[in-house]
Amino acid sequence: MSADLFVGREDERSAIGALVDHACSGHGGFLIIDGPAGIGKSALLHQVREAGGPADFLSVECHLQVGQLEAYGPLIDLVWLIERNRPRRRRLLRRSSDAVKQRWPELLTLVPGVGSTLKMVAETLSGPVPGAPLIENRTAARAMADALLRSIKERHPLVISIDDVHRIDESSCSVLSYVARAVQDHPVLFVLAGRSDELAANPAARRLVEDLLSKGLARRIQLRGLPVSAIAEYAERMSADVTALELAQRTGGHPLLLRYSLARRRGLALPPGSSGLVMPHSDDARLAEQVRLMVAAQLSQLSEEDRRLLAVGAVEGRAFHSSVVAKVLDERHDRVADRLHRLASQTGLLHVLRPDAWDERLEADRYAFEHDLVQETLYLDQSERQRQDRHRRIGQIMHEHSEDYRDLTQDLALELVRHRRLGHDWLAAGRVAHFVACRLSETGASAPEVIKVAEHGLECIRRAPAGEESSQIRAQLIELLLTAGELSWRTKPEPDGTVRLEALSTEAVVAAEGSGDVNLRIRARYLHGKVLLYSRGMLAAVAPLQQAWQEALDNGDAVSILLAGCEYGRQLPKIDVEGGLAVLAHAEATGSGDEAVRRSEDPVVQRARLMVALQIGINLYDAGRLGAGLARLRATIPQVRRRPNLGLLPIGLNYLAQAEAGVGNYAESEQCLMEAVGCRDEGEPDGWHAVNLAYLGARRIQDHRDVSGLEHLRHAQAEAAVVWQANLAPLVANLYAACLMAMADIDRDHDELAGDVLRGCLEETQRTGMRRSEIVTLSLLGQWHLNHGNSQQAFQFSGRAVEHLREAGWRLAAVTAEEVLFRHAAVQRAVGDDDAAGRSVDLARSLVLDKAATLDDDLRDRFLHRVPINRSILAAAEPQQQESTHGRRQLIQEPRNVDSGRQREEG
């Protein structure tokens, strides 16, 4: 039935209207509309929607595009649709391009409070996600149901139609089962529309329908052929010279059969093999077969040339482009365009769509088939080899036109990869995926978009024949995938000790070795070291990082030196701040002096340039050069803000917040942390969000004694546990423990929990070799035992912290040496060694004064008199200020020289 000719279905329309009104009054539910293909389910829903009313209508489809099925597909489309229509100021999609529709990774960022669970859901039901553990399916479905309900609450009242429900995936069925129970008290009506003849072939969909009906959670409308009165109206409006009774006997009142039977006034010619009669209440499967035969018969009336045009269009998809068809068939475009226009106007088998930017790019008219059955029939009526060849050619054409198309959407990107994949052109599919993922990254797409395309490409390239190019693309795809997803890496080992993230980085190393590309081999090696840092700690990571750095220096390539130096220079300060600064300075100088690096649009290179600048800033701060570090960070953050898609803003703001707080600018520090916490897409756990949330909570405890800071810290601790990154989790734990101790006077349970957190953190840091965090933990444990009156135990822990700090030359990333020394002085006094306590205080004072000397007058005064630990140290050191400055500097300088060699050996 054409879209502008709708007859009958008055009873069905009334029934649906009543259900919509009932839902709008607060009594939500489910409606199931089923019937054979082409019976008019979509047309009926369109009529209900056009009638209007108090409810908003949202419509999504279940996709099965040539064998491609994704878990949660229609539900993710639904959430995206809600977000697209949300007022911009209230959208949760802060980092995503408005033009790009997401799949499951973006859903994880849409709904607060369930992201960590949904991240695990994806691994169970949507394929491998780096580092994600498995989760039991019922828990996953319940979490997704909660997410969906949260998304739709602000849009009441709603009518949500899910079309082609016979294609729905099992995971979505589980979710809808939970939603059906919860939605009865909400003004929401879910309409599930599908083909009854194909429902039996989808056990999950069949079970969902049966369960909803048996438990009274849904109503059902089964569409059959139109009644004779409606057929008579249809025939009259079509000016048909045949009686309604004869039409009813011949077509069973099936709208599509009616349309095809009367098309072009050819009477009632039926396809070969048909019985000649289709009874109105015949079996759905038989009726569906009759419709397919009629579609085939209608197509058979076309010329062979017209069928070839439409067959190529069917390979492109439900919608297709005239210029693509012409190129596949090596025909003139104007001739093909004329024939398609004629077919659309004379047969009704297809209709033209409103042009978009991609159509303009292709210089094509875009058509859609009248019904899915037409596309399916044309697609299946080709040999497998024909389909492969045509998919391959379409993929080539689309790629040629996308080279300079900078607004490429994710859907179109996946179409490019899909055609290459279905054309079994695995190498080209991987190559295109890498190209598209890089382009999306360059044009400001969100990380989940880039990850999704890279994952599709990786699946393809793994099936490509072995060779240098396939190895190169494989390593590049993993590199981009891991780099884009760094903020949300999940690295907690499985029960058997394996980490999936490590498996990916190891795969990249092996692929790079087979690529023949020295620079790629260097990048893969340092990336593997970076993963090991997150998963196992510094002891496991430092060797591959140092090896990659040395090989980059030997090779002399500026890009490799920048990238390897960025990672090695970031991590080395955890055991040697000055050594890390030297590496970073060399990497920065090399990159700045190379035109290819300066002009590179490679997102990995761009990210490394900014990361080096940020890391130099924080390492200058850690090295005691506060003024230079603060100036560098303040200058770099505006550049980072201009490239939010690189994922560096949460890191850079954290660094700047530390530096601002270090000089006493506490309001500025808190402002940075609030911005950093807000950078994360809602709901998805990531290590840096946990760190920023912990720092924010600590600021509120330390600056305002605001007990809400503990809530921030609790959430940060929970998030860090989900993600578990060896270099970040202990930072959160130490901040949490210190604040619990600071608030112990409010609740003694805080103090006991602090001890538990510190003991667990000490065990982890000793296992992973995170020496900087271990020092802080030992120092805090010393204070904790001192608070409990156990001075000897306190001395053991605090003494080990100071010894480790002395070995590192009193300079380590994220460790305030003067604070560790000041705590140790209190322990030394408690055990009766006042002289040693005085020396510790004096050394702490020297460190404070050295830092103060790097600041200008205003900041120096603020640093000395507004930072509480500095005031305490200077006040305690007053009686000892007669000692020589030379002696104090000897205490500071000598350990650096003695122990630098030892640190290099450990590396």
Side-chain angles (χ1 to χ4, degrees), residues 537-539 541-542 545-546 549 568-586 615-629 658-659 662 727 730-731 734 765-766 769-779 782 797-825 828 836 839-855 869-870 873 877 883-907:
M538 192 63 191
L539 296 179
V542 69
L545 290 172
Q546 187 179 45
W549 169 242
Y568 186 46
R570 283 186 69 190
Q571 311 313 333
L572 188 57
K574 295 177 175 63
I575 55 176
D576 180 1
V577 170
E578 295 294 343
L581 273 170
V583 171
L584 290 166
H586 190 149
Q615 200 66 42
I616 288 175
I618 193 62
N619 287 157
L620 286 169
Y621 171 80
D622 288 330
R625 288 170 248 171
L626 273 57
Q658 289 186 56
N727 60 325
L731 294 178
N734 282 329
T765 54
Q766 290 176 338
M770 300 307 300
R771 180 54 57 89
R772 58 175 183 157
S773 293
E774 181 188 354
I775 291 171
V776 176
T777 305
L778 287 167
S779 178
F797 284 109
S798 185
R800 284 162 57 194
V802 172
E803 183 59 30
H804 289 328
L805 195 50
R806 180 181 290 109
E807 292 171 356
W810 310 104
R811 295 285 189 270
L812 270 183
V815 178
T816 306
E818 54 268 32
E819 188 168 359
V820 173
L821 284 164
F822 192 65
R823 285 199 198 106
H824 187 54
Q828 289 170 318
R839 290 192 294 272
S840 294
V841 170
D842 191 59
L843 181 52
R845 176 179 180 274
S846 297
L847 292 170
V848 170
L849 294 177
D850 281 352
K851 291 181 178 181
T854 70
L855 299 168
I869 185 64
N870 295 344
I873 290 170
E883 289 192 35
S884 69
T885 302
H886 175 74
R888 288 193 298 271
R889 296 202 183 281
Q890 284 293 101
L891 285 170
I892 298 172
Q893 297 294 340
E894 288 178 0
R896 291 187 198 168
N897 299 331
V898 168
D899 291 299
S900 59
R902 180 185 305 174
Q903 290 152 13
R904 281 193 291 271
E905 289 174 6
E906 289 176 356

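As a basis for the values below, the full set of heavy atoms in this structure was taken, side chains included, without hydrogen atoms, waters or symmetry mates.
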Asker: Please find the pair of heavy atoms, one from G662 and one from Y621, that lie closest to each other, and give the distance.
Answerer: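 That would be CA-OH, 3.3 Å.
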
Asker: Apply the test side-chain contact (heavy atoms from CB on, under 4.5 Å) to residues W810 and V815: give CA-CA distance (whole Å), side-chain angles for both, the deciding distance (0.1 Å), then the verdict.
Answerer: CA-CA 9 Å; W810 310 104; V815 178; over 6 Å; no

Asker: Going through the distances and angles, do I575 and L572 end up as a side-chain contact (heavy atoms from CB on, under 4.5 Å)?
Answerer: CA-CA 6 Å; I575 55 176; L572 188 57; 4.0 Å; yes

Asker: side-chain contact (heavy atoms from CB on, under 4.5 Å) for V776 and E819? Distances and angles first, verdict last.
Answerer: CA-CA 9 Å; V776 176; E819 188 168 359; over 6 Å; no

Asker: Roughly how far, to the nearest 0.5 Å, is CG of L731 from OG1 of T777?
Answerer: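 Result: 9.5 Å between the selected atoms.
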
Asker: If we check side-chain hydrogen bond (donor to acceptor under 3.5 Å, both in side chains) with S840, which of these qualifies: Q828, R823, H824?
Answerer: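 Of all the options given, the one that passes is Q828.
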
Asker: Check side-chain contact (heavy atoms from CB on, under 4.5 Å) between A801 and all other residues, then give those that pass, not counting sequence neighbours.
Answerer: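 So A801 forms a side-chain contact (heavy atoms from CB on, under 4.5 Å) with I775, L778, S779, V820.
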
Asker: Looking at R625 and E578, is any side-chain nitrogen of the basic one under 4.0 Å from a carboxylate oxygen of the acidic one?
Answerer: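 The answer is yes: the pair qualifies as a salt bridge.
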
Asker: Rounded to the nearest 0.5 Å, how far apart are CD of Q571 and CH2 of W549?
Answerer: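 Output value for this atom pair is 14.0 Å.
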
Asker: Is R806 salt-bridged to E803, cutoff N-O under 4.0 Å?
Answerer: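 Yes, R806 and E803 are salt-bridged.
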
Asker: Would you please name every residue forming a side-chain contact (heavy atoms from CB on, under 4.5 Å) with A817, sequence neighbours left out?
Answerer: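 Once residues adjacent in sequence are excluded, the partners of A817 under the side-chain contact (heavy atoms from CB on, under 4.5 Å) criterion are L805, L847.
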
Asker: Can you list the residues that meet the salt bridge (Lys or Arg N to Asp or Glu O under 4.0 Å) rule with K574, with sequence neighbours excluded?
Answerer: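 Listed in chain order: nothing, the list is empty.
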
